[in-house]
Amino acid sequence: MRINHVCIMVSDLDRSFAFYRDLLGFTNVMYDVSEPGTLFQGDTLDDILGHTGAATRIIMVASDDGTLLELQQASTPVTARTPDEYLRYGGTGITELAFDVDDIDTFFDKVVSFGYGVQTDYVWSPDPRVKSFLFYDPDGALIQAVGLTV
């Protein structure tokens with residue numbers, strides 16, 4: 001079984017779309033204002049979001065290799081930013097999203113120059129064949145960049 005896509009709930013869809021497009025190179029595949037009846041019938045969207053009168057907006061983005069991410073911001077109920085303490089390694093669930101990069105040092109410099117926070121101010125190596133660092137998306141979720149050294 002392979003992963004079809006990953007859904008990332010965001011507090012500001014336009015800001016997050018810019019992050020995934022401009023920094024990570026994802027391109028817009030499908031843009032949809034998913035009010036009831038567009039992608040989902042109203043009752044189905046209510047059931048999915050657990051709220052009567054639910055409304056959400058989705059942008060599906062893809063990388064050149066076909067990796068799909070669903071960026072979603074609900075307007076009813078409003079998507080709230082998750083507190084930082086729940087976005088780190090102390091809790092259950094998916095903690096980070098990791099991407100392979102060709103030149104880890106150049107990518108580190110790019111993340112910093114774009115003004116996104118990094119967990120450490122350096123690239124580290126958990127293994128002689130790998131270099132890595134963690135940084136934060138606009139909502140504080142951890143993203144890991146991984147570069148092979150061999």
Side-chain angles (χ1 to χ4, degrees), residues 1-102 104 107-121 123-124 126 130-148:
M1 186 179 316
R2 72 184 269 280
I3 293 173
N4 178 275
H5 71 277
V6 175
C7 176
I8 303 168
M9 295 301 291
V10 300
S11 64
D12 182 327
L13 189 59
D14 295 324
R15 179 183 66 186
S16 292
F17 176 53
F19 171 84
Y20 286 95
R21 179 193 62 215
D22 301 342
L23 181 65
L24 299 180
F26 283 79
T27 54
N28 189 359
V29 175
M30 179 181 66
Y31 176 84
D32 179 58
V33 178
S34 296
E35 300 302 328
T38 306
L39 282 182
F40 304 99
Q41 294 303 314
D43 291 345
T44 302
L45 194 56
D46 289 354
D47 289 343
I48 292 170
L49 295 182
H51 193 279
T52 302
T56 192
R57 191 173 151 214
I58 297 169
I59 299 177
M60 186 72 79
V61 294
S63 65
D64 288 342
D65 70 359
T67 300
L68 293 172
L69 298 179
E70 175 184 330
L71 306 177
Q72 184 174 167
Q73 178 185 4
S75 56
T76 307
V78 173
T79 301
R81 188 181 187 282
T82 302
D84 286 343
E85 61 268 20
Y86 297 115
L87 293 171
R88 305 300 177 254
Y89 295 103
T92 61
I94 298 169
T95 302
E96 66 187 36
L97 186 58
F99 296 103
D100 290 325
V101 298
D102 293 330
I104 191 83
F107 188 70
F108 179 87
D109 293 340
K110 181 179 179 181
V111 170
V112 171
S113 73
F114 272 54
Y116 293 106
V118 291
Q119 190 186 51
T120 59
D121 60 358
V123 174
W124 38 267
V130 176
K131 291 173 80 175
S132 186
F133 71 95
L134 292 155
F135 60 104
Y136 305 101
D137 82 353
D139 284 308
L142 278 171
I143 308 288
Q144 183 175 15
V146 179
L148 297 178

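In this structure, Leu97 CG and Leu134 CG are separated by 11.0 Å, a value rounded to the nearest 0.5 Å. One distance of note links CG of Leu13 with CD1 of Ile8; it measures 11.0 Å at 0.5 Å rounding. Distance CG/Leu87 to OH/Tyr136: 9.5 Å, rounded to 0.5 Å. Note that CG of Asp12 is 11.5 Å distant from CZ of Arg81, once rounded to the nearest 0.5 Å. Considering CG of Leu71 and NE2 of His5, their distance stands at 10.5 Å, rounded to 0.5 Å. Taking CG of Asn4 as the start and OG1 of Thr67 as the end, the distance is 11.0 Å to the nearest 0.5 Å.
Taking every heavy atom of both residues into account, Leu68 and Ala62 meet most closely at CD2-CB, 3.6 Å. Nearest heavy atoms, Thr76 versus Gly53: CG2-O, 3.3 Å. Closest approach of Val10 to Thr79, counting heavy atoms only: O-CG2, 3.2 Å. The shortest non-hydrogen separation linking Asp137 to Tyr20 is OD2-OH, 3.4 Å.
Residues Thr27 and Val61 have side chains not in contact (no heavy-atom distance under 4.5 Å, counting atoms from C-beta outward). You'll find the side chain of Ile143 stays beyond 4.5 Å of the side chain of Tyr116, heavy atoms only.
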Identify every side-chain donor-acceptor pair in residues 107-114 under 3.5 Å, counting partners at least two apart or on other chains, and give the distances.
unit_1 : atom_1 : unit_2 : atom_2 : d
Lys110 : NZ     : Leu23  : O      : 3.3
Ser113 : OG     : Asp109 : O      : 3.3
Ser113 : OG     : Lys110 : O      : 2.9

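Using modelled atom types, one side-chain atom of Ser132 and one backbone atom of Ala145 make a donor-acceptor pair closer than 3.5 Å. A distance-only check finds no donor-acceptor pair linking the side chain of Gln119 to the backbone of Phe135 [under 3.5 Å].
Sorted by first then second residue, the salt bridge (Lys or Arg N to Asp or Glu O under 4.0 Å) pairs that include residues 15-29, not counting sequence neighbours, are Arg15-Asp139.
Tested against Phe26, the residues Phe17, Phe19, Phe99 include a single ring-ring contact (aromatic ring centres under 6.0 Å, His included) partner, Phe99.
With sequence neighbours excluded, the residues that form a side chain to side chain contact (heavy atoms under 4.5 Å, CB included) with Gln72 are Cys7, Met9, Leu49, Thr56, Ile58, Glu70.
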